[in-house]
Protein chains: 2
Amino acid sequence: MPPGRATDTVSDRLEATPLYRKVGELLATRIDEGFWQAGEMLPNEFVLADQFNVSQGTVRKALGTLESRGIVERRQGRGTFVTTNTDERSFYHFFRLAEPGGERVKPDPHSEKIKRRKATKHEQQQLGTADNTEVFEIVRVRVVGEHRASRETMLIPCDIAPTLQSLKSKLPNSLYPYYQQQFGTMVLRAEEYIAAVTASKIVAAALQIEPGTPVLEVTRTAHDIKDRVVELRVSQFRSDLFNYNVTLR
Amino acid sequence: MPPGRATDTVSDRLEATPLYRKVGELLATRIDEGFWQAGEMLPNEFVLADQFNVSQGTVRKALGTLESRGIVERRQGRGTFVTTNTDERSFYHFFRLAEPGGERVKPDPHSEKIKRRKATKHEQQQLGTADNTEVFEIVRVRVVGEHRASRETMLIPCDIAPTLQSLKSKLPNSLYPYYQQQFGTMVLRAEEYIAAVTASKIVAAALQIEPGTPVLEVTRTAHDIKDRVVELRVSQFRSDLFNYNVTLR
DNA sequence: AAGTGGTCTAGACCACAAA
DNA sequence: TTGTGGTCTAGACCACTTT
């Protein structure tokens, strides 16, 4: 095939979407739809290149974008794999608790409650779902050693995690790996708004602190590979023992 | 030149550092040392390729890494430029204030004090400077409309910003563009620790709120292109009107 | 030894911006 | 029209992992 674009047509040129971007989207869609599941190995770059009728370099660039988005992981000599949202990864990515000025901290689950209910109008709007959406509401308290660390209230649309309530054992430490394993939903982005508030009676009781103590309140919207809202979450953190840590680049 | 590595030698292979990485480091160092200054255009990819005795593709990949680090900006048809830390960029990158659940907010400076003093042992340690380091201490209050928004205490080593105190007019809205323009220091990374605390008398007075009101306290370490610590900063934010916003990916 | 991703080169052509 | 970055291809070889 001569140099230049592989499938040059008028419509291609008008759309002006680079080939590697199209290929990347196709791959992302396949993964989103479960064609390749968590931890699974993708075909090698030359095979994919054949499938898409592009050069290996173009596939390579497409995979590079997926890798930077955290969708796949590539290991020299082994292959390209759909990222597995392990507990470790999920925690250190989306759970930003740390000792003041120091190391990140990994709390353990302590107690949890789950119920099914209708979403409010406001919640529906935030979730981007219309009408009578049903949601699971999970309230969970976490501990670090002897100390209560956080109280989280999570809201998940039932159609995303249909079997959540029938779960007999305790919920897993981190929910995102569970979403991925069970429902193929990959949490890749979270938007957070952080405020300082005084602990309500309920929060104070859960965290075993005096009511009125200042705590961090983090409001999160979690998004999947296609940027759909997967979860709403409001967490209260003890701030005397722990900080919220983030790196800006 | 035949395909394969351009300058294969035994030592190269032992070091095992990709060419594009070496080229990237060289370019970063040049920019750090002021060889190309803020806003300046770099030579085009082919010229750089000649200078470094590598192919254009290798230079291209190196520039790609610099771009993703925020060191350069590339514009099709125009060229590759050293990133200018404009007020806009600096603010929306490193100043994470937002309306609760909504749009980012850009506060204006209200008042400021600056003095020169010795750094404490602890500060020296955090700054990574030894002995009797002198620092500028700046305290600045910011407003959004009618409301006080934040009180920041900044610490900058004098040797990084030698002429800071002699500045007669008010400090610029954002300091990082000023650091870059005046001293060639490019702030690229900030590590932040966020806590909820009750406002001290001093903070309450500055923010015009009741003492004891919960406020966000953000402790920042700012790093430059070579990851040196450029600034320490502790900020208190009103949290009833504003939130700290961040996206995790 | 075989298979995978990683690096590097060389060259053609496209898209955009400014003269 | 010229010069810049952006895309795409083709092919060689390197480095790592597993068989």
Side-chain angles (χ1 to χ4, degrees), chain A residues 1-25 27 36 39-68 71-83, chain B residues 1-25 27 36 39-68 71-83:
Chain A
M1 191 173 296
R5 306 186 63 158
T7 57
D8 262 341
T9 68
V10 174
S11 72
D12 267 351
R13 228 177 263 145
L14 289 178
E15 286 165 15
T17 304
L19 253 184
Y20 74 87
R21 229 178 158 297
K22 292 182 191 171
V23 171
E25 273 313 301
L27 291 169
W36 297 302
E40 199 169 333
M41 180 179 161
L42 271 58
N44 78 46
E45 296 174 348
F46 288 94
V47 172
L48 289 173
D50 272 357
Q51 284 183 22
F52 292 119
N53 269 301
V54 299
S55 75
Q56 174 257 3
T58 299
V59 167
R60 186 163 179 72
K61 186 155 186 179
L63 287 173
T65 65
L66 296 210
E67 187 182 34
S68 74
I71 298 173
V72 301
E73 286 173 350
R74 306 157 93 186
R75 269 167 293 178
Q76 192 175 33
R78 296 201 52 201
T80 301
F81 304 82
V82 177
T83 299
Chain B
M1 192 175 295
R5 305 186 63 158
T7 56
D8 262 339
T9 69
V10 175
S11 72
D12 267 351
R13 229 179 261 142
L14 289 179
E15 286 166 14
T17 304
L19 253 185
Y20 73 87
R21 229 179 156 298
K22 292 183 192 170
V23 171
E25 273 313 301
L27 291 170
W36 297 301
E40 199 170 334
M41 180 177 161
L42 272 59
N44 78 45
E45 297 174 346
F46 289 94
V47 172
L48 290 172
D50 272 358
Q51 286 184 20
F52 293 118
N53 268 303
V54 299
S55 75
Q56 173 258 1
T58 298
V59 168
R60 185 162 181 71
K61 186 156 185 177
L63 287 174
T65 65
L66 295 210
E67 185 182 34
S68 75
I71 298 172
V72 300
E73 287 173 351
R74 306 154 92 185
R75 270 166 293 178
Q76 193 175 32
R78 297 201 51 202
T80 301
F81 304 83
V82 177
T83 298

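Labels below follow one simple rule: chain letters A, B, ... track the order of the sequence lines, proteins then strands, and each chain is numbered from 1.
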Under 4.0 Å between a side-chain N or O of [X] and OP1 or OP2 of [N]?
X       : N      : value
B:Arg78 : C:dC16 : no
A:Thr58 : D:dT7  : no
A:Asn44 : C:dT4  : yes
A:Arg74 : C:dG6  : yes

When you measure from the side chain of [X], which nucleotide among [options] comes out closest?
X       : options               : value
B:Ser55 : D:dC16, D:dG6, C:dA10 : C:dA10
B:Leu19 : D:dG5, C:dC8, C:dG6   : C:dC8
B:Pro18 : D:dT7, C:dG5, C:dT7   : C:dT7
A:Glu45 : D:dT7, C:dC16, C:dG6  : C:dG6

Between [X] and [Y], is any pair of side-chain heavy atoms under 4.5 Å apart?
X       : Y       : value
B:Val23 : B:Leu63 : no
B:Val82 : B:Ile71 : no
B:Leu27 : B:Phe52 : yes

Take the protein atom [atom1] of [X] and the nucleotide atom [atom2] of [N], then report the distance between them rounded to whole Å.
X       : N     : atom1 : atom2 : result
A:Met41 : C:dT4 : CE    : C1'   : 6 Å
B:Arg21 : C:dT7 : CZ    : P     : 10 Å
B:Gln76 : D:dC8 : CD    : P     : 12 Å
B:Phe81 : D:dT4 : CZ    : P     : 11 Å
A:Lys61 : D:dT9 : NZ    : P     : 12 Å
B:Leu42 : D:dG3 : CG    : P     : 19 Å
A:Arg60 : D:dT7 : CZ    : C1'   : 16 Å
B:Leu48 : D:dT4 : CG    : C1'   : 12 Å

Worksheet item: How far does OG1 of B:Thr58 sit from CD of B:Gln56, to the nearest 0.5 angstrom?
Response: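 Rounded to the nearest 0.5 Å, the OG1-CD separation comes to 9.0 Å.
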Worksheet entry | A:Arg74 and A:Glu45: CA distance, side-chain angles, deciding distance, side-chain contact (heavy atoms from CB on, under 4.5 Å) verdict | CA-CA 11 Å; A:Arg74 306 157 93 186; A:Glu45 296 174 348; 3.0 Å; yes
Worksheet item: Contact class for A:Arg75 (heavy atom, under 4.0 Å): base, sugar-phosphate, or nothing?
Response: sugar-phosphate
Discussion item. Judged by each residue's nearest nucleotide on DNA chain D, which is more toward the 5′ side, A:Gly77 or A:Phe46?
Written reply: A:Phe46
Worksheet item: Between A:Tyr20 and A:Gln56, who's closer to the 5' end of DNA chain D by nearest nucleotide?
Response: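 The residue closer to the strand's 5' end, by nearest nucleotide, is A:Tyr20.
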